[in-house]
Amino acid sequence: MGLLAFTSLLVMSATPSPVPMPGEAEARRFTDAFERGEALYSKGDYGAAIALFKEADRMKVTPEVAFDLARSFEKLGDVAFTVLYDRLYLARAPDASDATEVSGRLRRVLARAEDEGVGFLEVFAPGATGLVINGRAFAEPPAALFLAPGEYVIEAAFRSGPKKQRVNVSLGEVKTLWLEPVRPPMVKADEAPGDAVSVRTPGAAPP
């Protein structure tokens with residue numbers, strides 16, 4: 001399957017304005033990152049393409065970027081991240097023409113993982129500068145990996161320092177964990193708010 005066609009993000013008026021509209025610069029940066037990522041993907045430079053697709057994904061959430069990330073990780077043989085981004089793709093575009101095909105592929109991969117005695121864990125941590133899961137370091141969120149059933153400690157680095165959260169992974173389970181920096185409910189006027197951790201399991205996609 002080739003990369004999805006990219007739909008233009010900018011709606012231009014018949015008479016271009018000499019003053020950029022609010023958000024136009026960010027839209028251009030998104031388009032630039034996305035198109036450069038696709039160009040690198042077509043050349044087989046999947047690692048560099050992933051970096052650009054992630055950059056685009058931070059600027060704008062779209063099913064196209066999730067799909068391209070899934071295909072890039074698939075090319076690299078990284079099954080865990082392929083699963084994560086295929087799940088995000090389906091969450092962002094549940095009515096896509098290839099949704100049934102992608103869902104079927106996910107079911108087969110996860111069934112094989114269960115047969116191999118592992119579960120699947122995906123961790124989202126907006127604002128984190130790094131994650132450590134079961135001794136494996138991830139330079140940036142999100143993180144995804146297959147794990148044997150058991151309890152694991154997730155360590156996320158936020159501005160205020162490291163945060164830890166325990167999570168249980170079960171055989172054949174898809175576990176989604178969110179670690180988020182949140183503003184404390186009350187702080188003194190002369191104190192800067194630190195980071196706290198909110199944990200929830202809302203499914204595959206960010207809210």
Side-chain angles (χ1 to χ4, degrees), residues 1 46-47 50 53-54 57-58 61-63 65-96 98-158 160-182 195-207:
M1 182 191 312
Y46 306 118
I50 286 170
F53 289 144
K54 283 187 173 183
D57 201 48
R58 286 191 291 268
V61 171
T62 69
V65 173
F67 182 89
D68 287 356
L69 279 163
R71 303 288 70 76
S72 298
F73 278 109
E74 185 177 40
K75 290 290 188 181
L76 293 176
D78 191 322
V79 179
F81 272 101
T82 300
V83 169
L84 182 148
Y85 284 108
D86 267 337
R87 281 167 51 78
L88 280 180
Y89 169 65
L90 290 177
R92 295 175 185 180
D95 298 322
D98 60 348
T100 300
E101 177 185 348
V102 176
S103 295
R105 184 166 57 241
L106 279 171
R107 284 194 298 270
R108 290 190 295 273
V109 171
L110 294 172
R112 185 165 61 249
E114 183 173 7
D115 290 341
E116 294 172 353
V118 297
F120 178 72
L121 172 67
E122 55 189 11
V123 179
F124 298 90
T129 57
L131 291 169
V132 177
I133 305 172
N134 194 34
R136 178 177 172 184
F138 297 84
E140 60 180 353
L145 65 171
F146 291 96
L147 294 167
E151 183 180 77
Y152 297 91
V153 175
I154 315 299
E155 298 179 77
F158 290 103
S160 61
K163 307 293 181 180
K164 293 185 178 181
Q165 174 68 33
R166 295 183 181 276
V167 60
N168 285 298
V169 175
S170 301
L171 177 63
E173 176 188 44
V174 174
K175 184 77 170 185
T176 303
L177 184 68
W178 280 78
L179 299 175
E180 298 180 323
V182 296
D195 288 323
V197 175
S198 173
V199 180
R200 52 198 171 88
T201 55

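Hydrogens, waters and symmetry mates are skipped; everything else that's a heavy atom, side chains included, is used.
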- prompt: Does some side-chain heavy atom of V123 sit less than 4.5 Å from a side-chain heavy atom of Q165?
  reply: no
query: T62 and R92: which non-hydrogen atoms are nearest, and at how many Å?
result: O-NH1, 2.8 Å
query: Out of L84, T176, L147, which residue meets the side-chain contact (heavy atoms from CB on, under 4.5 Å) rule with L121?
result: L147
field: Spacing of CZ belonging to R166 relative to CG belonging to L177, to within rounding of 0.5 Å
entry: 13.0 Å
Straight-line distance of I50 CD1 to F81 CZ, nearest 0.5 Å: 9.0 Å
- prompt: Would you say the side chains of D78 and Y85 form a donor-acceptor pair under 3.5 Å?
  reply: no
query: Would K54 and D68 satisfy salt bridge (charged side-chain N to carboxylate O under 4.0 Å, His left out), going step by step from the backbone distance to the final call?
result: CA-CA 10 Å; K54 283 187 173 183; D68 287 356; over 6 Å; no
- prompt: If you round to the nearest 0.5 Å, how far is CG of L179 from NZ of K163?
  reply: 11.0 Å
task: Please work out which of the three classes, parallel, tilted or perpendicular, describes the rings of F120 and F146, given edges at 30° and 60°.
output: tilted
statement: Separation between CG (L69) and OH (Y46), nearest 0.5 Å, reads 14.0 Å
- prompt: In Å, rounded to the nearest 0.5 Å, how long is the span from OG1 of T82 to CZ of R71?
  reply: 6.5 Å
statement: In this structure, CG of L110 is separated from CZ of R105 (nearest 0.5 Å) by 12.0 Å
- prompt: Any idea which heavy atoms bring P94 and A91 closest together, and the distance?
  reply: CD-O, 3.7 Å
